[in-house]
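The structure under discussion appears below in the form of structure tokens.
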Amino acid sequence: MPKSGNGLSCIDILRQNFEYLFEATLIEEICKSGRLQSVESDKVLIDVGDVISHMPIVISGSIKVMTEDKEGDELLLYYLEFGDTCAITLNCCTRNAKSSIRAVVESEAKVIFVPVEKMEEWMVKYSSWRNYVLESFNSRLHEMIGALDNIVFNSMEDRIKNYLRDKVFINKSEIIITSHLEIANDLHSSRVVISRLMKKLEKEGLVRQTRNKIEYLGKI
DNA sequence: ACATTAATTGTGT
DNA sequence: ACACAATTAATGT
């Protein structure tokens, strides 16, 4: 029994948002096989090592995707927003491999979960689906390349700035609720380094901060 | 309202 | 990187 949150059925939401992207028959199929779910913040949708049985399509809210190394340190890869789907999931599930990523809900989201078998079936059957999947694969890849050269070529200070800017954008709020420790985990750094740099950014007037809250004062 | 505790943040070495 | 101090939020009495 899928919760739709605001009383809209799955098919209404799909029609509303994907009308011009998918043909009507495909929308019906997605509705039949997929299940719509509202998920609260911090819920872990997919964890490292999980076997993927469903792929997510994000309707609203945002989802944070990261990897984890063997010491348990994380690295933020990219965010998923409206209309996005997770490319790595696609890769994993078609070959029935285990997930190398973790997906956590960043801000309360509505997500449609589609079983893997259907994905493949639709890839052949609907060109709109094929395009959607390939397109999404492509943009995820570009985001990851962006994240990579951010890491390689930018200083930690710039990485924090980018991180804050992204978070403001993704949550559509200048107010960021998070701790220095969380930022450190996301950026694969240490808490002390983040605290020092955040203090500096505060002095420069880019942010104002109180405990667990950062107010972004720069341009977006 | 106050004291206790836990978590977060700041700083010096 | 580590240790510790300072600050703040949460909780119980």
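Reminder, nothing fancy here: chain letters follow the sequence lines and each chain counts from 1. The figures that follow rest on heavy atoms only: side chains count, while hydrogens, waters and symmetry mates do not. As the structure is a computational prediction, the values presented were derived from the model and not from experiment.
- Under the side-chain contact (heavy atoms from CB on, under 4.5 Å) criterion, A/I175 pairs with A/S173, A/I177, A/K213, A/E215, not counting sequence neighbours.
- Protein chain A contacts DNA chain B from B/dA7 to B/dG12, reading 5' to 3' and using non-hydrogen atoms of the protein with a distance under 4.0 Å.
- Residues meeting the side chain to side chain donor-acceptor pair (under 3.5 Å) test with A/E23, sequence neighbours left out: A/S128.
- In this view, A/R159 satisfies the side chain to side chain donor-acceptor pair (under 3.5 Å) rule with no residue, not counting sequence neighbours.
- A/R130 approaches A/V124 most closely through the heavy-atom pair NH1-O, 3.7 Å.
- Ring geometry for A/F82 versus A/F18: interplanar angle of 30 to 60°, hence tilted.
- Where A/R211 and A/K199 meet DNA chain B, the nucleotide closest to each residue was compared, and A/R211 sits on the side nearer the 5' end.
- Among residues two or more places apart in sequence or in another chain, the side-chain contact (heavy atoms from CB on, under 4.5 Å) test is passed with A/R211 by none.
- Applying a 4.0 Å cut-off to non-hydrogen atoms, the residues of residues 186-194 of chain A that approach DNA chain C are A/S190, A/V192, listed by residue number.
- Listed by chain and number, the residues in a side-chain contact (heavy atoms from CB on, under 4.5 Å) with A/D166 are A/Y79 (sequence neighbours excluded).
- Note on residues 155-208 of chain A: no pairs pass ring pair (Phe, Tyr, Trp, His ring centres under 6.0 Å), not counting sequence neighbours.
- Every residue two or more places apart in sequence or in another chain that forms a side-chain contact (heavy atoms from CB on, under 4.5 Å) with A/S190 is listed here: A/V192, A/V193.
- Between A/Y126 and A/F22, the gap from one ring centroid to the other reaches at least 6.0 Å.
- Nucleotides of DNA chain C with any atom under 4.0 Å from a heavy atom of chain A span, from 5' to 3', C/dA1 to C/dA9.
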task: For DNA chain B, just give me the dot-bracket, please: Watson-Crick or G-U, both distances below 3.5 Å, ( ) intra-strand, [ ] crossing earlier pairs, | paired with another strand, . unpaired.
output: |||||||||||||

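- Using cut-offs of 30° and 60° for the angle between ring planes, the A/W129 and A/W122 rings count as perpendicular.
- Scanning for side chain to side chain donor-acceptor pair (under 3.5 Å) contacts around A/E74 gives an empty result, with sequence neighbours left out.
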